[in-house]
Amino acid sequence: MNQPTKPLTPGETALIVGAGGKTGRRVAEQLSGKGVQVRAASRSGSTRFDWDDPSTWEPALRGADAAYVTYSPDLAVPEAPEAIREFARLAAAHDLGRVVLLSGRGEEEAQRCEEIFQGVRRDWTVVRSSWFNQNFDEGYFLPPLQQGTLALPAGDIAEPFIDVDDIADVAVAALTGAGHEGRIYEVTGPRLLTFADAVREIGAAAGRDLSFVQVPAEGYSREMEAQQVPEVIIGLTRYLFETVLDGRNAHVTDGVRRALGREPRDFADYAARAAATGIWAEQAARSAS
Ligand SMILES: NC(=O)c1ccc[n+]([C@@H]2O[C@H](COP(=O)([O-])OP(=O)(O)OC[C@H]3O[C@@H](n4cnc5c(N)ncnc54)[C@H](OP(=O)(O)O)[C@@H]3O)[C@@H](O)[C@H]2O)c1
């Protein structure tokens, strides 16, 4: 039986793997604000860390007290289970107390990685998330939206998109608070939206006539090939749209409430906030400003 872990406190060091990413950046900012020393790790981070180069893992872990871990590109890729097993083993050997792993909802392979992770230390925490709101303004969906049309191989299946600020809040609570040890928080937003719904709400917030178009998966993959998107990302994208987005995740969960005692942020609030930055303004309008 492991000793209970103590919460991360000011002056201690947290390793953030994927510190420049959508959730990692926010977790790093919140922890810095609490006086925690943040070790920002990724291939281009101030601490070099590459999931494809295990020799970078141990130096990044050395002397850290806790960690927030995002695996790239996704826990569903075949290399992930072995990487998570070895990383978790190293983290335990280096006596890390609190460790939080970000995972994806409805992905059998990711759930296998969660088991491997918590098999090393039962008291570590998993945040199993639905699709992020911020894919629309910080991720792959941004350039097409700026041009006016988002075309994806997605139909009428609804998804409870979540705000990554909620994910960061849950991760920080699990690292610094009490009562989160050994939990799996399956987190979603408060509302189901199809991609067409999401684009409609973004258009309304941005004051633009944006459209969503459903395209066949085959054609979408060929388009990505033409743009020289790496094969692993094309395969992953197909898996996410054709397998995971089949309705299995079309329900909301109470993970944010269980972790934080409050409701998750609504998509409309996210859309209003992001629209106010001008990120979805028409290309011409943005380059003129
Ligand atoms: N996006 C979603 O809707 C969603 C939903 C549920 C779960 N997730 C999970 O969230 C995680 C991150 O996804 P994201 O969309 O947030 O990505 P993201 O914002 O693009 O961030 C990826 C981060 O990981 C780093 N990275 C990329 N390749 C790496 C490698 N080989 N080794 C170490 N670091 C690497 C990147 O920095 P460098 O380029 O400097 O390495 C970056 O900091 C993934 O595990 C994904 O499955 C995402």
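Whatever order the structure lists them in is the order used to number ligands and atoms, beginning at 1. For clarity, every value in this text was computed on a predicted model and none was experimentally measured.
- Under the 4.0 angstrom criterion for non-hydrogen atoms, Ser129 is in contact with ligand 1.
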Could you please spell out the steps behind the side chain to side chain contact (heavy atoms under 4.5 Å, CB included) verdict for Arg183 and Gln118?
CA-CA 9 Å; Arg183 298 287 173 90; Gln118 288 192 321; over 6 Å; no

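- Set against the non-hydrogen atoms of Gly20, the atoms of ligand 1 under 4.0 Å away are 43 (O).
- Atoms of ligand 1 found under 4.0 Å from any heavy atom of Asn135, numbered from 1 in the order shown, are 1 (N), 2 (C), 3 (O).
- At the shortest separation from atom 24 (O) of ligand 1 among protein heavy atoms lies Ser72 OG, 3.2 Å.
- Side chains of Asp53 and Thr56: no donor on one and acceptor on the other come within 3.5 Å.
- A ring-ring contact (aromatic ring centres under 6.0 Å, His included) with Phe141 holds for exactly one of Phe136, Phe132, Phe161; it is Phe136.
- Of the charged side-chain nitrogens involved, none lies within less than 4.0 Å of a carboxylate oxygen, so that Arg222 and Glu225 do not count as a salt-bridged pair.
- Backbone and side-chain nitrogen or oxygen atoms of Thr70 are examined, and none is located within less than 3.5 angstrom of a nitrogen or oxygen of ligand 1.
- Judged by distance alone, the side chains of Thr9 and Glu12 do bring a donor and an acceptor atom under 3.5 Å apart.
- With respect to atom 41 (O) of ligand 1, the closest heavy atom belonging to the protein is Arg43 NE, 2.8 Å.
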Start with the C-alpha distance between Gln30 and Asp169, add both sets of side-chain angles, then the distance that settles side chain to side chain donor-acceptor pair (under 3.5 Å), and finish with yes or no.
CA-CA 8 Å; Gln30 284 200 35; Asp169 289 351; 2.7 Å; yes

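- Closest to atom 16 (O) of ligand 1 by heavy atom, among Phe49, Tyr140, Trp51, Phe132, is Phe132.
- At least one N/O-N/O distance between Gly21 and ligand 1 falls below 3.5 Å.
- Within a 4.0 Å radius of atom 38 (P) of ligand 1, the protein contributes one or more non-hydrogen atoms.
- Note on ligand 1: Ser130 sits in its first shell, one or more heavy atoms being nearer than 4.0 Å.
- Ala76 does not count as a contact of ligand 1, since none of its heavy atoms falls under 4.0 Å from the ligand.
- When hydrogens are left out, the protein atom nearest atom 15 (O) of ligand 1 is Lys22 NZ, 2.9 Å; that is the closest non-hydrogen contact.
- Of the protein's non-hydrogen atoms, Ser44 OG, 2.4 Å is the one closest to atom 40 (O) of ligand 1.
- For Tyr68 and Trp124, the distance between ring centers is not under 6.0 angstrom.
- Counting only N and O atoms by type, the side chains of Gln134 and Asp163 include a donor and acceptor under 3.5 Å apart.
- Under 4.0 Å from ligand 1, heavy atoms of Asp74 appear from its side chain as well as its backbone.
- Among Val77, Asp53, Val244, Asp50, the residue whose heavy atom lies nearest to atom 31 (N) of ligand 1 is Asp50.
- Scanning the protein for heavy atoms near atom 36 (C) of ligand 1, the closest one is Ser42 CB, 4.3 Å.
- Heavy atoms of Ala41 found under 4.0 angstrom from ligand 1: none, in either backbone or side chain.
- Arg26 contributes a side-chain N or O that, together with a main-chain N or O of Lys22, makes up a donor-acceptor pair within less than 3.5 Å.
- Looking at Ser103 next to ligand 1, no N or O pair under 3.5 Å apart turns up.
- Not one N or O of Trp131 is nearer than 3.5 Å to an N or O of ligand 1, by distance alone.
- If you check which protein heavy atom lies closest to atom 9 (C) of ligand 1, you get Leu102 CD2, 3.9 Å.
- Using a 4.0 Å cut-off between charged nitrogen and carboxylate oxygen, Asp52 and Arg43 do not count as a salt-bridge pair.
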